[in-house]
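First the structure, in the form of structure tokens, and then the observations on it.
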Amino acid sequence: MPPTDPAPDPDATTAPGGGRGTAPTAAPAAAPTRAPSASGPAADAALGEEGPPAPRRDAPPEHACDDTVDLWLSALHETPQPPGAAPPAPHPPPVDGLREGRAAAAPPAYAPGPGPADHAVAARPGQARHAAPFPPPTAGLIGDVERWGPATTPFGAFRLVPVAIQRDLPLLTRWMNDPSVAAFWELAGPEDITERHLRAQLDGDGRSLPCLGVLDGVPVGYWEVYRADLDALARHYPARPHDTGLHLLIGGVADRGRGIGTALLRAVADLVLDHRPDCGRVVAEPDLRNTPSIAAFLGAGFRFGAEVALPGKRAALMVRDRALRHLL
């Protein structure tokens, strides 16, 4: 359960795990294993002496699922047609004009992705896109963070963009090796150290989401938005359902000490409260000795809630209340 300990200046960093460099959330309990269910037709169905009527070749089976229909259509296209019959219609062109074996053009590096209404997939080349029966993968227990922004700040338009390891790992590793950041996050070293920290969240149950903080299209920091009520932190303070926690670091040295961290803390807390209606409080837990960090949270509308004993440190529980958000 990550602490929030900025680097010497109040905007630099708030880090996880009491300085242990561990993933910010408790490991989820293993899901029970389900026995596979039997499938297939009943073996003892009574049939007439002549058997069931042959299925028509011009229609799919009555209860065919999508995959069965696809296989049936493929078989129809491959079946020789009688002399004089019109040739079967060709398959539609590949989706988005792509040719098999060629990758899609990469989207803008930090553009928002599809939302729940327009999330779409294509099962295989040649098939039309269709609405997916599930929400975007960023929804999890936090919400669709990718659709929360942009937020207006004194420093420009800000948004949270969920981390993509292939795209973001080199940048995040460089930030983690900054001495001011490494002192609190303890993730300095080669890329695999940072990657393990990220994958612990990305491959988890969605209770913690690692994000880049992007200001006017430029990544300026790293954020973790997590369910504090489902985190180990909840054992150390009177947690309420849907309490949401924050950890952050400001990556560029030139972006520290100018009030950017304070402004972005306020912006992210407001985004959480705007887009998570069940959340009544945004919380953080900087080291009690880190007075610059506590000052940054106070400047962002948080209040000092309590002193809490966490593994490896005593922390100041900082709280941004929904009821007080327009007063502080």
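The two residues V253 and D178 have their closest heavy-atom pair at CG2-OD2, 3.7 Å. Between R276 and R322 the shortest heavy-atom distance is O-NH2, 3.0 Å. Contact record, I142 with R207: CD1-O, 3.5 Å, taken as the closest heavy-atom pair. Between L198 and P210, the shortest heavy-atom contact is CD2-CB, 4.0 Å. Shown here for C211 and Y222, the closest heavy-atom pair between the two residues is O-CD1, 3.3 Å. In plain terms, the two heavy atoms of A316 and I294 that are nearest each other are CB-CD1, 3.8 Å.
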**Prompt:** Passes side-chain contact (heavy atoms from CB on, under 4.5 Å), T153 versus R266? Steps please.
**Reply:** CA-CA 9 Å; T153 77; R266 181 180 288 273; over 6 Å; no
**Request:** Show the numbers, then the answer: is there a side-chain contact (heavy atoms from CB on, under 4.5 Å) between L230 and D205?
**Result:** CA-CA 11 Å; L230 304 178; D205 61 2; over 6 Å; no
**Asked** Step by step, would you call S208 with Q201 a side-chain hydrogen bond (donor to acceptor under 3.5 Å, both in side chains)?
**Response** CA-CA 6 Å; S208 180; Q201 300 169 79; 2.7 Å; yes
**side-chain contact (heavy atoms from CB on, under 4.5 Å) evaluation trace for V225 with L246** = CA-CA 5 Å; V225 184; L246 299 177; 4.1 Å; yes
**Item:** side-chain contact (heavy atoms from CB on, under 4.5 Å) evaluation trace for L271 with V145
**Value:** CA-CA 9 Å; L271 287 172; V145 173; over 6 Å; no
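With respect to F297, the side chain to side chain contact (heavy atoms under 4.5 Å, CB included) criterion is satisfied by exactly one of V319, V283, T262, L265: L265.
Formation of a donor-acceptor pair under 3.5 Å by the T152 side chain with backbone atoms of P150 is not found in this model. At least one donor-acceptor pair closer than 3.5 Å links the side chain of R258 to the backbone N or O of A254. Looking only at distances, a side-chain donor or acceptor of N177 sits under 3.5 Å from a matching main-chain atom of G189.
The salt bridge (charged side-chain N to carboxylate O under 4.0 Å, His left out) pairs that include a residue from residues 208-218 number zero, where partners must be two or more places apart or lie in different chains. Among residue pairs with one or both ends in residues 263-286, those qualifying as ring pair (Phe, Tyr, Trp, His ring centres under 6.0 Å) are W148-H275; sequence neighbours excluded.
The aromatic rings of H247 and W185 stand perpendicular to each other, their planes meeting at an angle above 60°, with 30° marking the opposite boundary.
Contact annotation: the side chain of L209 approaches that of P162 to within less than 4.5 Å [non-hydrogen atoms, C-beta and beyond]. Put simply, the side chain of L215 does not reach to within 4.5 Å of the side chain of D255, judged on heavy atoms. Side-chain atoms of T173 and I193, non-hydrogen and from C-beta on, never get closer than 4.5 Å to each other. Residues W223 and L264 form a side-chain contact, since some pair of their non-hydrogen atoms from C-beta on lies under 4.5 Å apart. Residues R320 and D270 form a side-chain contact, since some pair of their non-hydrogen atoms from C-beta on lies under 4.5 Å apart. With contacts defined as side-chain heavy-atom distances shorter than 4.5 Å, the pair D243/Y237 qualifies. Residues L249 and F184 form no side-chain contact, since every pair of their non-hydrogen atoms from C-beta on lies 4.5 Å or further apart.
In the hydrophobic clustering of this structure, V218 does not group with W175; members are Ile, Leu, Val, Met, Phe, Trp, Tyr whose side-chain heavy atoms approach within less than 4.5 Å, directly or through other members. Note: the hydrophobic cluster containing M318 does not contain L328 (ILVMFWY, side chain heavy atoms under 4.5 Å, direct or indirect links). Follow the hydrophobic side-chain contacts under 4.5 Å out from L324 and you never reach L298; the two are in separate clusters.
For the atom pair R159 CZ and R147 CZ, the distance stands at 8.0 Å (nearest 0.5 Å). A distance of 10.0 Å separates CG of L169 from CE of M176, quoted to the nearest 0.5 Å. To the nearest 0.5 Å, atom CZ of residue R235 and atom CG of residue L310 are 10.5 Å apart. For the atom pair R281 CZ and R325 CZ, the distance stands at 16.0 Å (nearest 0.5 Å).
In the displayed structure, R240 atom CZ is contacted under 6.0 Å by at most 12 heavy atoms of other residues, nucleotides or ligands.
Ion pairing between D231 and R227 fails under the 4.0 Å rule for side-chain N and carboxylate O.
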